[in-house]
Asker: 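Here it is, the structure, as structure tokens.
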Amino acid sequence: MRVLPLALLSTAISIGLSACGGSSSDSGEPIEVPQVESLKALSTTYMGAAVPAGYEDQFSNGIETRPELQDVVIQHFDQITAENIMKSAYIQPRQGDFTFQDADNLVDWALDNNITVHAHALVWHSQMPSWMENYQGDWLTMMDTHVSTVADHFKGRVVSWDVVNEAFNDNNDNGYATYRDTDANSGGHGSPWYQNLGKDYIPEAFKMAHAADSGAELYYNDYNIEDDGAKLASVLRMADELLADDIPIDGIGFQMHVSYDWPSAQAIGTSFAKVVAKGLKVKVTELDIKMNPNGDRNTFTAAMAEEQKLRYQEIIKAYYDNVPANLRGGITVWGVSDADSWIPHFTGHNDWPLLFNSSLEQKPAIEGVANELK
Ligand code: XIL
């Protein structure tokens, strides 16, 4: 028998089950550190990660200055999303002043490393520059300038766009969620786009994006639509309207900022299947799993790590079971290291939602993903 070179041997072990490479102590209690060789090598669809980037990024944790983060991304992912720097506040901070440098650097880095880019996001009510929010002129022209300029700039270098993000409220009005509207009607988070253009801003944005970059896949993206509830019903009704009018939409992005206990894997699978039934692609765009959504689980224990592993695994399974290969847009996690996750800022609680711990060591969660991909 020929002796395997050491590198190959460790690959063979790590692609096998549960190789344990030591233990981490984010929790004070030992947690297994798996040795998954490469998620992207196991996956038949895009395996993506959001990355913080740009020297002006609000957490000053841009990937440009972090070779260890770059290494993990290159090893495991074949797609990235810019966590912030392609949003309107960053890319057109003053009217007519498009600041592409940080995003260009990131896209160049990705392409140099054989990583594709999913671009995020053209039209969103949040992280808008104040000039845009308070714009007094013709909103359709202003939207066209933004969407066309940005989509054209990245044409041929990004594979897909979140064209419209988060157009719906979280309410249930006779089985449907209403469109995000004024702040008063939308829990303090209204949409200036809707206020100025009505719901037609959505098809218009898709048409503009397609005219600028006909090669990119175009997604509508939202959160809390994976529980098969009123908000998903509204997204599906909107999709019907767009499809009936031949609007160029390719798929629905499920952000999937979920929790260890919500929603059920069955509801998630049903939600995916309802989009598939429309012939649209399903892309998981911002997956993370809160382990402490209510602030009552303030230490990450070995038991929680195992719980999270099984939870990641059942979500990946729901995706593969319900979305046929030709409609898979990919799966992206919203960050790499727990230390960079937006979740603790959002919930106000400690949390460990991602696949790597704060030292960029693998968590059992990654093994849950890898097990299912195999
Ligand atoms: C979040 C980023 O992760 C944070 O860094 C930023 O402070 C706020 O935005 N839905 C989206 C993402 O579509 O753009 C958001 O990203 C998370 C929720």
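Counting starts at 1 for both ligands and their atoms, following the listed order.
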Asker: Regarding Asn294 and His349, do their side chains bring together a donor and an acceptor under 3.5 Å, going by distance alone?
Answerer: no
Asker: Heavy-atom distances under 4.0 Å are what count here, so tell me which part of Trp124 touches ligand 1: side chain, backbone, both or neither.
Answerer: side chain
Asker: Is it the side chain, the backbone, both or neither of Trp334 that has a heavy atom closer than 4.0 Å to ligand 1?
Answerer: side chain
Asker: Measuring from His120:NE2 to Gln127:CD, what's the distance to the nearest 0.5 Å?
Answerer: 7.5 Å
Asker: Distance under 4.0 Å to a non-hydrogen atom of His257: what atoms of ligand 1 satisfy this?
Answerer: 17 (C), 18 (C)
Asker: Distance from Gln313 atom CD to Lys309 atom NZ, nearest 0.5 Å?
Answerer: 7.0 Å
Asker: How far does CH2 of Trp193 sit from NE2 of His125, to the nearest 0.5 angstrom?
Answerer: 12.5 Å
Asker: Backbone or side chain, does any N or O of Asn165 fall under 3.5 Å from an N or O of ligand 1?
Answerer: yes
Asker: Below 30° counts as parallel, above 60° as perpendicular, anything between as tilted: where do the rings of Phe168 and Tyr220 land?
Answerer: perpendicular
Asker: Do Glu361 and Ile31 come within less than 4.5 Å of each other through their side chains, counting heavy atoms only?
Answerer: no
Asker: Using a 4.0 Å cut-off to any heavy atom of Glu83, which atoms of ligand 1 qualify?
Answerer: 2 (C), 3 (O), 4 (C), 5 (O)
Asker: Less than 3.5 Å between some nitrogen or oxygen of Asn221 and one of ligand 1, yes or no?
Answerer: no
Asker: Taking 4.0 angstrom as the limit and counting only heavy atoms of Glu286, give me the atoms of ligand 1 inside it, by number and element.
Answerer: 10 (N), 11 (C), 12 (C), 13 (O), 17 (C), 18 (C)
Asker: Measure up the Tyr319 and Phe272 rings against each other and bin them: parallel (under 30°), tilted (30 to 60°), perpendicular (over 60°).
Answerer: perpendicular
Asker: Could you list which atoms of ligand 1 come closer than 4.0 Å to a heavy atom of Gln255?
Answerer: 10 (N), 11 (C), 13 (O), 18 (C)
Asker: Quick one: look at His120 and ligand 1, take heavy-atom pairs under 4.0 Å, and tell me if it's side chain, backbone, both or neither.
Answerer: side chain
